[in-house]
Amino acid sequence: MRGDMAYRSGGYSRITVSSLLAIAQLQLPINIVAVTPLCENLPGPKATKPGDVIYAMNGKSVEVDNTDAVGRLVLADALYYASTEFKPHTVIDVATLTGAMEVSLGEIYTGVFTTSESEYDRFWRMPLDEDYDPQIYSSNADLCNIGRKPGGSCTAALFLKAFVDGIEAKDGQEPSVRWAHIDIAGTMEFTRPIPYQEKGMTGCPVRVLVEFVRRLSSRG
């Protein structure tokens, strides 16, 4: 495994464990379910090839146009599983999903795509606009796993949104779940130290997740 991939895969686990541990130690009165989708990614005779069409857990067909953009395929099933199995009112996913996010915001601000109005310091709200949809819906399947280069982080977020059950209003009812996708591709690691952070892995966004849960739990 390449060093950067070891960092990336290890980062997910550290964020999950660290956030849950902090919330438990603070004894915040809230119910949380953590889902960590894990799979092996190796070449082989059954490996997915560009142009393949696969079916996600929610039954939607996905054309795999780029085999490098496979993390979102696993994350999509995890989002659908979590939102249907546990029926939460809030879903947050964290991923080093796109190089486009690193290009957009660098390693200072973390990009977030959300249906919520919550705001946090050094998090930059990115557009979750349906005008980007044609880039991932104009394919040989219900969805394509990657759009064109422009707006890459936006199309990736819209791809994930399609797998969160309850996010859309139905039969005149308000959406039953609010969702946030946090793309930490740029802020996963600092290449230079700053006053409160040494060079290296940052643990972003553990502090924000814990603070979000603290505020949520205080509402009773």
Side-chain angles (χ1 to χ4, degrees), residues 2 4-5 7-9 11-12 37 39 41-44 46-81 83 91-116 122-165 167-169 175 178-189 191 204-205:
R2 290 184 343 209
D4 62 336
M5 291 304 293
Y7 274 139
R8 289 174 185 269
S9 58
Y12 309 144
C39 69
N41 184 13
L42 290 173
K46 295 183 179 180
T48 303
K49 299 174 288 296
D52 284 355
V53 174
I54 63 175
Y55 286 87
M57 187 178 180
N58 66 350
K60 290 185 178 182
S61 58
V62 179
E63 180 181 0
V64 181
D65 193 47
N66 187 322
T67 54
D68 190 43
V70 292
R72 67 195 65 181
L73 301 178
V74 182
L75 184 52
D77 275 353
L79 286 169
Y80 181 73
Y81 172 77
S83 58
V91 175
I92 301 174
D93 74 76
V94 181
T96 54
L97 200 66
T98 64
M101 182 57 69
E102 186 174 10
V103 172
S104 299
L105 300 179
E107 58 187 45
I108 306 301
Y109 274 74
T110 299
V112 59
F113 300 82
T114 181
T115 59
S116 169
R122 297 216 165 193
F123 271 54
W124 192 263
R125 185 165 186 170
M126 302 291 287
L128 194 65
D129 197 296
E130 293 179 356
D131 284 344
Y132 290 102
D133 281 354
Q135 293 191 46
I136 57 172
Y137 282 96
S138 302
S139 71
N140 297 318
D142 295 326
L143 290 158
C144 187
N145 78 321
I146 195 167
R148 294 182 292 109
K149 193 172 183 179
S153 57
C154 300
T155 55
L158 284 167
F159 178 86
L160 295 177
K161 182 185 176 185
F163 297 91
V164 183
D165 188 65
I167 199 171
E168 302 289 352
R178 57 177 179 168
W179 166 70
H181 160 60
I182 302 174
D183 192 335
I184 61 169
T187 53
M188 171 192 71
E189 180 181 12
T191 58
C204 176

First locate atom [atom1] of [X], then atom [atom2] of [Y], and finally report the distance between them rounded to the nearest 0.5 Å.
X: L128; Y: I167; atom1: CG; atom2: CD1; result: 7.0 Å
X: T48; Y: N66; atom1: OG1; atom2: CG; result: 12.0 Å
X: I92; Y: S116; atom1: CD1; atom2: OG; result: 8.5 Å
X: T67; Y: I146; atom1: OG1; atom2: CD1; result: 9.5 Å
X: S61; Y: Y55; atom1: OG; atom2: OH; result: 5.0 Å

Taking the side chain as every heavy atom from C-beta outward, state whether [X] and [Y] have any atom pair closer than 4.5 Å.
X: Y132; Y: R148; value: no
X: R72; Y: L160; value: yes
X: I182; Y: F123; value: yes
X: P205; Y: I184; value: yes
X: V62; Y: L73; value: yes

message: Under a plain distance cut-off of 3.5 Å, with no hydrogens placed, do T187 and T110 share a side-chain donor-acceptor pair?
response: yes
- prompt: Would you say the side chains of T98 and D183 form a donor-acceptor pair under 3.5 Å?
  reply: yes
Looking at [Y], is its backbone amide N or carbonyl O close enough to the side chain of [X] to form a donor-acceptor pair, meaning the two atoms are under 3.5 Å apart?
X: N58; Y: F163; answer: no
X: D65; Y: C144; answer: no
X: R125; Y: G111; answer: no
X: T155; Y: Q135; answer: no
X: D77; Y: M57; answer: yes
X: S83; Y: D165; answer: yes
X: N145; Y: A69; answer: yes
X: N140; Y: E63; answer: no

I need the minimum non-hydrogen distance between [X] and [Y], along with the two atoms involved.
X: S153; Y: A100; result: N-CB, 3.6 Å
X: A76; Y: F159; result: CB-CE2, 4.0 Å
X: M101; Y: A185; result: CB-CB, 4.4 Å

message: Would you say NZ of K49 has more than 12 non-hydrogen atoms from neighbouring residues, nucleotides or ligands within 6.0 angstrom?
response: yes
- prompt: Do E189 and E102 pass the side chain to side chain contact (heavy atoms under 4.5 Å, CB included) test, and can you show the C-alpha distance, the side-chain angles, and the key distance before you say yes or no?
  reply: CA-CA 11 Å; E189 180 181 12; E102 186 174 10; over 6 Å; no
query: Once the angle between the rings of W124 and Y109 is folded into 0 to 90°, is it parallel (under 30°), tilted (30 to 60°) or perpendicular (over 60°)?
result: perpendicular
task: Assign the ring pair H181 / W179 to parallel, tilted or perpendicular, where the plane angle (0 to 90°) is split at 30° and 60°.
output: parallel
field: Stepwise side chain to side chain contact (heavy atoms under 4.5 Å, CB included) test for C204 and M188
entry: CA-CA 6 Å; C204 176; M188 171 192 71; over 6 Å; no
message: Test of understanding: with ring pair (Phe, Tyr, Trp, His ring centres under 6.0 Å), list the residues that count as partners of Y81, not counting sequence neighbours.
response: F86
